[in-house]
Amino acid sequence: MAAPPAIPRRGLFIGGGWREPTLGRRIPVINPATEDTIGDIPAATVEDVELAVAAARSAFLLDGGSRWSRASGATRAKYLNAIAAKIKEKISYLALLETVDSGKPKDEAVADMDDVAACFEYYAGLAEALDGKQHAPISLPMEEFKTYVLKEPIGVVGLITPWNYPLLMATWKVAPALAAGCTAVLKPSELASLTCLELGAICEEIGLPSGVLNIITGLGADAGAPIASHPHVDKIAFTGSTATSKTIMTAAAQMVKPVSLELGGKSPLVIFDDVADIDKAVEWAMFGCFFNGGQVCSATSRLLLREKIAERFLDRLVEWAKNIKISDPLEEGCRLGSVVSKGQYEKIKKFISTARSEGATILHGGDRPKHLGKGFFIEPTIITDVSTSMQIWREEVFGPVICVKVFKTESEAIELANDTHYGLAGGVISDDLERCERIAKVIHSGIVWINCSQPTLVQAPWGGNKQSGFGRELGEWGLENYLSVKQVTRYCKDELYGWYQRPSKL
Ligand SMILES: NC(=O)c1ccc[n+]([C@@H]2O[C@H](COP(=O)([O-])OP(=O)(O)OC[C@H]3O[C@@H](n4cnc5c(N)ncnc54)[C@H](O)[C@@H]3O)[C@@H](O)[C@H]2O)c1
Ligand SMILES: C[N+](C)(C)CC=O
């Protein structure tokens, strides 16, 4: 088993340096796999948010913007590449920190850190390419005007992120925001902030200009809400629950402040009976809902099985689920760690007991694994005999819990897949690719996977419809989130425009 990492005692990262929170408060960090307190993080309040926003604002405006916001994209790209290089250098340490902070298996944390470095590199590339896109001419049907377009950073952005992929979800916002030339205040989740604070240390090491990125840890109401309502924060990018998004939108609406929202989901995975290799489909179903303990916004937590394959599929799914190594996430080969906190553990257990009391069958799991007496562990759980009115069908669990329904026809499958107020993702597994394409078109979601579940590609757009939010992260869409488009139009004839009559000379 890997040794647990040393937990640094950090302050808030504001204006390029470290500060204790004004009120001196700190929040304990609990390793969810052992229930031990392993450190603490600063608990920022409105006073610290004021300082962080002021630092970001002056970094944005410094020297007329020539140091950052109006510097070339190529200049900013150098900093982003330097951050990526440092992440790679510290990958094992960062992965271990994330493991003890969140409970996710070490191998998953390593993969996440790889994705973090790749995301900074990708947006370094887009920052450089941005220089070539400035002054793009607009073709006009007249000669007296010439128009071009400038893409400018929106300003100071507030980035509020969740705990399930702590550094990766922060990076999806920080990397494009900085690439665009914005300056930022990042507020990670109080349940897992350690690696985001290390990002501050990395910014310091690579000499990122002071105030370009400020990192404020603390509770949502104390440290997140003042960012959302701050008059000098020009945009909010939020990833988290639909419930919190409503509070943030309300605050932002008072200033007509733009927001982009990446929220929850209850995504379907539809499996047809024509699959030649049933185990291949079973593995994707497992990956879709047990990876990261099911604490994934896009988890395909509603499994729809064609009647003819259902019994055989469920038998194999249970066999595969029994085979998952559930252990301390620092152990070699762990594939299911603990969930993030006691609160999350209790919430998931309540979902399972409500499903049982509403008449569903817990086909497998539902409890703490017998070999683990401590820590917030939950067995991979498969729930059948589910009706569409049950809570387990309708609400996001955010845990290793999959619910199953059986369908007869393709149209019934589509109706069930779309029977949700969410619209983040969906998947279809079938050997008939025409059928897959047909279904991909009619699933109401921002992402559809064919013959797989969950691959996440930095180049491709990510985001949802309906109550899963709006706006897209990643790819070039992720950069556009932080850019404002300016039209510049010039009148270019020597003559008068000629609408009004020139007064006669006296
Ligand atoms: N769509 C996506 O890409 C995506 C990715 C990851 C997670 N998620 C969603 O995130 C949720 C889980 O994350 P969570 O439990 O951390 O969500 P959450 O809404 O509880 O918290 C998210 C962030 O908002 C902050 N916050 C809480 N109250 C606030 C307030 N009043 N004002 C401002 N900020 C506030 C929190 O401190 C945290 O930093 C799930 O619903 C999941 O589906 C979505
Ligand atoms: C896209 N992913 C899986 C990294 C994060 C969503 O929760």
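Note that the coordinates shown come from a computational prediction; the quantities given were computed from them, not determined experimentally. We count ligands from 1, going down the list as the structure has it; atoms in each ligand are counted the same way.
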(message) For the CZ atom on Arg25, are there more than 12 heavy atoms of other groups (residues, nucleotides or ligands in this structure) within a distance under 6.0 Å?
(response) no
(message) Looking at Lys350, I'd like to know if its NZ atom is crowded, meaning that more than 12 non-hydrogen atoms belonging to other residues, nucleotides or ligands lie closer than 6.0 Å.
(response) no
(request) Please report the C-alpha distance between Ile348 and Gln344 in whole Å, then the side-chain angles of each, then the deciding distance to 0.1 Å, and finally whether the side chain to side chain contact (heavy atoms under 4.5 Å, CB included) criterion is met. (result) CA-CA 6 Å; Ile348 297 166; Gln344 191 63 16; 4.0 Å; yes
(request) May I ask you to decide whether Arg57 forms a salt bridge with Asp234, counting only side-chain N to carboxylate O separations under 4.0 Å? (result) yes
Give me the pairs of N or O atoms, one from ligand 2 and one from the protein, that sit under 3.5 Å apart.
| unit_1 | atom_1 | unit_2 | atom_2 | d |
| --- | --- | --- | --- | --- |
| ligand 2 | 7 (O) | Asn164 | ND2 | 2.9 |
| ligand 2 | 7 (O) | Cys297 | N | 2.9 |

(request) Report yes if the distance between the aromatic ring centroids of Trp284 and Trp449 is under 6.0 Å, otherwise no. (result) no
(request) Could you name the protein residues that come within less than 4.0 Å of ligand 1, counting only heavy atoms, and order them by chain and residue number? (result) Ile160, Thr161, Pro162, Trp163, Asn164, Met169, Lys187, Pro188, Ser189, Glu190, Gly220, Gly224, Ala225, Phe238, Thr239, Gly240, Ser241, Thr244, Thr247, Ile248, Glu262, Leu263, Gly264, Cys297, Glu396, Phe398, Leu424, Trp462
(request) Evaluate the criterion side chain to side chain donor-acceptor pair (under 3.5 Å) for residue pair Gln454 and Ser298; output intermediate values, then yes/no. (result) CA-CA 7 Å; Gln454 306 304 317; Ser298 51; 2.6 Å; yes
(request) Have a look at Glu480 and tell me which of Lys151, Arg472, Lys235 forms a salt bridge (Lys or Arg N to Asp or Glu O under 4.0 Å) with it. (result) Lys151
(request) Decide yes or no for Ile41 and Leu194: does some side-chain heavy atom of the first lie under 4.5 Å from some side-chain heavy atom of the second? (result) yes
(request) Answer yes or no: is there a side-chain heavy-atom contact under 4.5 Å between Thr456 and Asp115? (result) no
